[in-house]
Amino acid sequence: VRRLKRPVAMATSSLLLASLVIQVSRVAADLGAISASHASAGNGASSSKTLGLRGGENLANPNGIWDSFRKVGTEAEDDGLPDLRERNPCVWGKASANRRTQEEVQLRVVCEETAPGEDLYAVGDREGDPNHKIKIQMTTENNSYPVWTSKTKLDPGKYRFKFAIESGLPEERVFREYEELQGMWGVEEYREITVMPTPPPDAVLLMSDIDGTLVGDEGATSRFRETWNREYRPKGCKLIYNTGRPFNSALRLLTEGKLDVPDALVCSEGTEVYWFHSGRAEEGEPDYEWRERLMSSWDYPHLRQLIEGVLHERQQQYSDAFFLPEMSGQPMIVVKVPGQHEAGELSRAIHHQIQEAHGMKFDLTVSGGGGNWFLLIVPPGAGKGSAALHCSKRTGFDPQRVMVAGDGENDVPLFEYTRKGFKGTMVGNVCNGLAEWATQKKRPTVYRSPSCHALGVLEGLQHHFEPTAAPPPGTE
């Protein structure tokens with residue numbers, strides 16, 4: 001784990017690093033998205049530094065609101081929005097992240113260990129109920145071998161399983177071999193899959209920004225919490241916060257009681273997802289599948305080398321660089337710059353020298369708030385919108401039953417996914433950047449509420465899903 005104060009030796013083993021970053025996140029998730037421990041120059045003394053990134057301790061305006069949030073390079077066209085929901089198949093003998101799915105479960109695995117006449121199964125049990133056994137037969141075809149697939153229905157819950165090869169005579173079939181799952185620190189006991197319940201047909205999924213939307217007016221936030229818990233949660237509706245804040249900053253809002261514990265939390269501009277199945281803030285579970293999916297969509301080891309090279313050439317244009325995959329498993333590189341001018345110069349250099357010259361795929365955003373300026377470098381397509389689509393798929397909500405809400409320019413990627421069928425609500429205190437986007441796009445499913453902050457979110461819910469209902473008290 002290291003933070004680049006000034007570029008040092010380039011990363012060496014690219015293949016090893018690519019496999020390390022996902023595993024490191026399992027034990028380093030509690031580090032937080034933007035916190036780093038590093039050695040002080042010269043004496044090696046350990047110190048702690050927190051990067052002032054949206055909601056951080058050192059911001060002049062620690063409300064987590066960006067003053068500016070602009071993507072560098074060509075914006076994706078509406079029809080080309082990234083969809084990062086596709087799962088990679090499991091590989092026999094290689095550990096994989098816990099995956100979330102609906103009751104109609106699809107499994108895929110690459111396995112070349114079977115002999116003619118042998119069958120492949122997924123075998124295991126439901127966590128906490130060892131008597132609830134599962135045995136799912138996998139199938140393959142000549143044109144798809146060595147990929148084996150299955151479709152089955154499982155009750156909601158968390159399941160532990162391994163793939164196993166069955167052989168023998170028809171009347172004496174036995175499992176001759178169970179896969180040995182190789183993880184980062186040795187053999188893992190089993191794979192995991194979490195089956196989530198299908199939502200009721202009239203339930204909705206609300207994915208809302210926090211700062212300036214749900215938070216910003218204490219009275220409006222209180223009214224929202226009361227109305228949501230009384231009218232929406234009992235119907236099976238789900239609430240997901242979708243924020244630019246790093247995890248620890250967003251978590252404080254939950255532990256301090258400023259917001260209710262959600263069903264999930266999308267944070268750090270869509271690069272991380274945490275699930276709260278128990279309803280307890282201290283038991284948030286990182287979505288390792290999302291991290292794995294993002295990390296597999298870019299060549300991080302090569303990109304890091306190129307970024308370090310550009311920074312070495314332009315040492316006066318940045319003050320710090322944080323390579324978060326090694327620090328917390330988060331798929332993001334953060335470069336802190338002295339001001340807006342340096343942000344522009346350095347972002348153009350990265351765009352031309354890496355994206356264009358080398359054809360590297362990543363998204364680059366220049367952001368500023370409270371006098372602080374940053375370059376945010378993430379896998380291609382990573383953002384609030386793609387993370388929202390991932391969560392809607394895992395929770396089983398049809399896009400027509402999903403509403404996104406926000407106020408800021410960094411919510412544009414979230415609202416872009418109204419192209420996929422989501423409903424959208426901009427609260428009354430919407431910033432110019434998001435309002436201009438809405439004016440340009442003219443999306444019929446995006447509603448601009450006259451009410452500010454959390455009251456605008458409530459009004460949006462009624463507009464999209466209960467058009468005959470009276471407006472929430474206090475929104476007239």
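- With contacts defined as side-chain heavy-atom distances shorter than 4.5 Å, the pair L206/I240 does not qualify.
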Can you list the steps and then say if L239 with F224 is a side chain to side chain contact (heavy atoms under 4.5 Å, CB included)? CA-CA 12 Å; L239 175 62; F224 171 82; 4.2 Å; yes
Could you walk me through whether F163 and Y121 pass ring-ring contact (aromatic ring centres under 6.0 Å, His included), step by step? CA-CA 6 Å; F163 293 107; Y121 286 86; over 10 Å; no
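- Here the CG-CZ distance, from L376 to F362, works out to 12.5 Å after rounding to the nearest 0.5 Å.
- A donor-acceptor pair is defined here as one N or O able to donate and one able to accept, closer than 3.5 Å; no such pair exists between the side chain of S150 and the backbone of I136.
- Legend: residues meeting side-chain hydrogen bond (donor to acceptor under 3.5 Å, both in side chains) with W275, ordered by chain and number and at least two apart, are D287.
- Every residue was checked against the salt bridge (Lys or Arg N to Asp or Glu O under 4.0 Å) condition with E180, not counting sequence neighbours, and none meets it.
- For the pair T395/P199, no side-chain contact is recorded, criterion being any heavy-atom separation below 4.5 Å from C-beta on.
- Among W437, F422, F415, the one residue that satisfies the side chain to side chain contact (heavy atoms under 4.5 Å, CB included) test with R443 is W437.
- Scored by the ring pair (Phe, Tyr, Trp, His ring centres under 6.0 Å) test, Y178 finds F175 as partners (sequence neighbours excluded).
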What verdict does the side chain to side chain contact (heavy atoms under 4.5 Å, CB included) test give for V266 and C391, after you've listed the backbone C-alpha separation in whole Å, the side-chain angles of each residue and the deciding distance to 0.1 Å? CA-CA 9 Å; V266 177; C391 291; 3.9 Å; yes
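- The shortest side-chain heavy-atom distance between D260 and W228 does not fall under the 4.5 Å cut-off.
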Chi angles and distances behind the side chain to side chain contact (heavy atoms under 4.5 Å, CB included) call for K162, L181: CA-CA 8 Å; K162 283 186 176 182; L181 292 173; 4.3 Å; yes
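- A salt bridge links R191 with E179: the distance from a Lys NZ or Arg NE/NH1/NH2 to an Asp or Glu carboxylate oxygen falls below 4.0 Å.
- By the 4.0 Å N-to-carboxylate-O rule, E289 lies too far from R293 to be salt-bridged with it.
- Side-chain atoms of V204 and V402, non-hydrogen and from C-beta on, never get closer than 4.5 Å to each other.
- The pair R348-E345 counts as a salt bridge, with a side-chain nitrogen and a carboxylate oxygen less than 4.0 angstrom apart.
- Between T194 and Y159 the shortest side-chain heavy-atom distance does not fall below 4.5 Å.
- The minimum heavy-atom distance between S319 and P338, with the atom names listed, is N-CD, 4.5 Å.
- In this structure, T140 contributes its side chain and V147 its backbone to a donor-acceptor pair below 3.5 Å.
- For E342 (side chain) and Q317 (main-chain N/O), no donor-acceptor pair under 3.5 Å exists by modelled atom type.
- Salt-bridge formation is detected for the pair D209/K384: a Lys NZ or Arg NE/NH1/NH2 atom is positioned less than 4.0 Å from an Asp or Glu carboxylate oxygen.
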With salt bridge (charged side-chain N to carboxylate O under 4.0 Å, His left out) as the criterion, how do K151 and E104 come out once you've worked through the C-alpha distance, each side chain's angles and the decisive distance to 0.1 Å? CA-CA 7 Å; K151 291 184 179 180; E104 294 290 338; over 6 Å; no
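- Note that CG of N410 and CD of E269 are 4.5 Å apart. Values are rounded to the nearest 0.5 Å.
- At a threshold of 4.0 Å, the pair E292-R99 counts as salt-bridged, since one of the basic side-chain nitrogens sits closer than that to a carboxylate oxygen.
- Counting heavy atoms from C-beta on, the side chains of H312 and Q315 come closer than 4.5 Å.
- With Y274 as the partner, the ring pair (Phe, Tyr, Trp, His ring centres under 6.0 Å) test is satisfied by one option alone out of Y288, W290, F247: F247.
- Judged by distance alone, with hydrogens and angles left aside, the side-chain atoms of S392 form a donor-acceptor pair with the main-chain N or O of L389 at under 3.5 Å.
- Applying the salt bridge (Lys or Arg N to Asp or Glu O under 4.0 Å) test to K158 and every residue at least two apart in sequence or in another chain returns E285.
- Relative ring orientation between Y145 and W148 is described as perpendicular, the plane-to-plane angle rising above 60° on a 0-90° scale split at 30° and 60°.
- The shortest side-chain heavy-atom distance between E127 and E192 falls under the 4.5 Å cut-off.
- In this structure R160 satisfies the salt bridge (Lys or Arg N to Asp or Glu O under 4.0 Å) test together with D125, sequence neighbours excluded.
- Listed for the T149 side chain is no donor-acceptor partner under 3.5 Å among the backbone atoms of R108.
- Put simply, the side chain of Q102 does not reach to within 4.5 Å of the side chain of R394, judged on heavy atoms.
- More than 12 non-hydrogen atoms from other residues, nucleotides or ligands lie less than 6.0 angstrom from CD of E282.
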Decide side-chain hydrogen bond (donor to acceptor under 3.5 Å, both in side chains) for H277 and R100; before the verdict, give the C-alpha distance in whole Å, the side-chain angles of both, and the deciding distance to 0.1 Å. CA-CA 12 Å; H277 297 300; R100 289 168 178 79; 3.2 Å; yes
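- With salt bridges taken as basic N to acidic carboxylate O contacts below 4.0 Å, one links D129 and R126.
- Proximity of a side-chain donor or acceptor of S249 to a complementary backbone N or O of R245 within less than 3.5 Å is not detected.
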Worked verdict on I350 versus L375 for side chain to side chain contact (heavy atoms under 4.5 Å, CB included): CA-CA 10 Å; I350 291 174; L375 305 186; 3.9 Å; yes
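- Without hydrogens or angle criteria, N242 side chain to M207 main chain gives no donor-acceptor distance under 3.5 Å.
- Residues that satisfy the salt bridge (Lys or Arg N to Asp or Glu O under 4.0 Å) test with D155, not counting sequence neighbours, are absent from this structure.
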